[in-house]
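What follows is one structure encoded as structure tokens, with my remarks underneath.
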Amino acid sequence: MTAGRPAHLDPEMAAVLDLLPVLELTDIRTARINRAALAAQARARTPADPTVVRIDESVPAEPPVRVRRYRPAGADPVEPLPCLVWIHGGGHVMGELEQDDPLMEHVVATIGCTAVSVDWRRAPEHPYPAELDDAYAALRWAYDQADRLGVDRGRIAVGGASSGGGTAAGLALAARDRGEVPLCYQLLIYPMLDDRTDGRACAWLDGTNLWHRHKNRLAWRAYVGEGAADPYAAPARAADLSGLPPAFIGTGDLDLFAEEDTRYAARLIAAGVPTELHVYPGGVHGFDLFVPEGRLARQMARDRDEALATALRFRNAPAQGLQPASGQV
């Protein structure tokens, strides 16, 4: 094993670590192209699920926001189903809606919900709050158009991975503070929550092709500039976490974000927010993407799917408490 790697690094991850492509954010345009090519290769290994229907739509906003809806093929087009509004990852500067087609199809087919994935504008061309604005516009659209879209207004969750997980957490804060869309859950997969980048335990990552401190600082600078981020951009800076929807947070203990994710989970719990935290020993950032059939990836998928399915069984009714939904999820 290469010197400096933790002894408990997942062996399936260790076997591919040196084969991972280099995505240097000093050239964001090239990094985007390479990231898109990798995502296309991954999608090619996972054929489209015929039990799930994809529908592309445009959310009327300024500018319009492209979204992709996913719905069980056998469901009534207007039957109200629980909905996951999903924000893809990419460090706020990369990534594309299409990269998570396999994940969204899996979630919809497994849980029997619908999903709305957001094609947000990327920094540095479109710095904060463009990404959050796009995500909120899509969330508000899903709520306002619920009857046409077949969405149960009382069972809307937000979720995302990496920077998308951070934006989903910021979206939950914004929804709470604006009081326009009640959320029943937030699904945060190794979320990027803190622009201060103080993951001291992960200094070993700096010599790898994984997401490390230098990349993280470049990404945050592109997104929010040189100053401190506000809490909707970097939810770890939020002073008050009370009144947020229940949360799932999953991360590897060797992820750059492990410390900020576990601190955020602890603060949610202290604020009275029901929170399920999973820290996977030996897992690095994106372990489920790099080794999708690996033991850790399969374990997190089971934990994630079970938590989301359980959460979506209940309708959000703040005045009366959570009520079981009439249908099955």
Side-chain angles (χ1 to χ4, degrees), residues 32 36 39 52-72 75-90 92-105 107-108 113-188 223 232-233 235 245 308 312 316:
R32 286 175 180 167
V52 176
V53 175
R54 301 180 192 175
I55 306 166
D56 287 353
E57 298 210 37
S58 180
V59 173
E62 188 53 51
V65 180
R66 184 172 74 102
V67 298
R68 177 166 293 169
R69 291 199 290 128
Y70 307 81
R71 192 171 177 84
D76 186 312
V78 295
E79 176 190 358
L81 295 176
C83 179
L84 173 65
V85 175
W86 181 258
I87 317 299
H88 71 76
H92 300 299
V93 298
M94 299 183 293
E96 54 187 0
L97 179 156
E98 289 81 4
Q99 73 188 37
D100 287 338
D101 279 343
L103 174 59
M104 292 297 95
E105 290 183 345
V107 167
V108 168
C113 63
T114 186
V116 174
S117 188
V118 184
D119 187 23
W120 45 267
R121 288 170 290 166
R122 298 171 298 190
E125 298 92 335
H126 304 285
Y128 177 80
E131 180 182 341
L132 183 72
D133 287 347
D134 291 347
Y136 191 84
L139 173 65
R140 182 63 192 265
W141 172 80
Y143 183 78
D144 290 343
Q145 296 291 314
D147 293 339
R148 179 179 71 84
L149 302 176
V151 167
D152 184 337
R153 286 189 175 88
R155 292 188 287 167
I156 298 178
V158 294
S162 193
S163 65
T167 298
L171 195 55
L173 287 165
R176 178 199 65 182
D177 295 345
R178 298 180 192 183
E180 297 173 332
V181 182
L183 297 177
C184 72
Y185 205 60
Q186 49 182 325
L187 183 72
L188 312 179
Y223 187 44
Y232 300 120
L308 183 60
L312 294 181
N316 188 348

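Counting only residues at least two apart or in different chains, salt bridge (Lys or Arg N to Asp or Glu O under 4.0 Å) contacts with residues 172-181 comprise R140-E180. Within the structure, salt bridge (Lys or Arg N to Asp or Glu O under 4.0 Å) contacts touching residues 124-138 (residues at least two apart or in different chains) are R32-E125, R121-D134. A ring-ring contact (aromatic ring centres under 6.0 Å, His included) check over residues 128-179, counting only residues at least two apart or in different chains, returns the pairs Y128-Y223.
Rounded to the nearest 0.5 Å, atoms CZ (R153) and SG (C83) are 11.5 Å apart. To the nearest 0.5 Å, the span separating CG on L188 from CD1 on I87 amounts to 11.0 Å. With values rounded to the nearest 0.5 angstrom, S117 atom OG is found 13.0 Å from R69 atom CZ. One finds the CZ atom of R54 at 9.5 Å from the CG atom of L97 (value rounded to the nearest 0.5 Å). Interatomic distance, CG of L132 versus OH of Y232, reported as 9.0 Å (0.5 Å rounding). Here the SG atom belonging to C184 is positioned 8.0 Å from the CG atom belonging to L308, to the nearest 0.5 angstrom.
H126 and W120 form no side-chain donor-acceptor contact under 3.5 Å, judged by distance and modelled atom types alone.
Checked against side-chain contact (heavy atoms from CB on, under 4.5 Å), A39 has the following partners two or more places apart in sequence or in another chain: R43, E96, Q99. Shown here are the side-chain contact (heavy atoms from CB on, under 4.5 Å) partners of V52, two or more places apart in sequence or in another chain: D49, Y70, E105, V108, A109. Take S162 and apply the side-chain hydrogen bond (donor to acceptor under 3.5 Å, both in side chains) test, not counting sequence neighbours, and it matches H285. In this structure, the side-chain hydrogen bond (donor to acceptor under 3.5 Å, both in side chains) partners of R68, at least two apart in sequence or on a different chain, are D56, D101. The side-chain contact (heavy atoms from CB on, under 4.5 Å) search around D76 returns V78, E79, not counting sequence neighbours.
Put simply, the side chain of V158 does not reach to within 4.5 Å of the side chain of W86, judged on heavy atoms. Using a 4.5 Å heavy-atom cutoff, the side chains of P64 and S58 are in contact. At least one side-chain heavy atom of V65 sits under 4.5 Å from a side-chain heavy atom of V118. Taking the side chain as every heavy atom from C-beta outward, P182 and I156 never approach each other to under 4.5 Å. Taking the side chain as every heavy atom from C-beta outward, P80 and V151 never approach each other to under 4.5 Å. Residues Q186 and L171 are not in side-chain contact: their nearest non-hydrogen atoms beyond the backbone lie 4.5 Å or more apart.
Of all heavy-atom pairs between A172 and L183, the closest is CA-CD1, 3.8 Å. Heavy atoms only, all atoms of each residue included: A175 and L139 are closest at CB-CD2, 4.3 Å. Pairing each heavy atom of H88 with each of G95, the nearest pair is CE1-C, 3.3 Å. A pairwise comparison of heavy atoms in A157 and L312 identifies CB-CD2, 4.2 Å as the closest pair. Of all the heavy atoms in D152 and P82, the pair that sits closest is CB-N, 4.3 Å. Between A61 and A137 the shortest heavy-atom distance is CB-CB, 4.1 Å.
No donor-acceptor pair under 3.5 Å is formed between the side chain of T114 and the backbone N or O of L81. At least one donor-acceptor pair closer than 3.5 Å links the side chain of R71 to the backbone N or O of G150.
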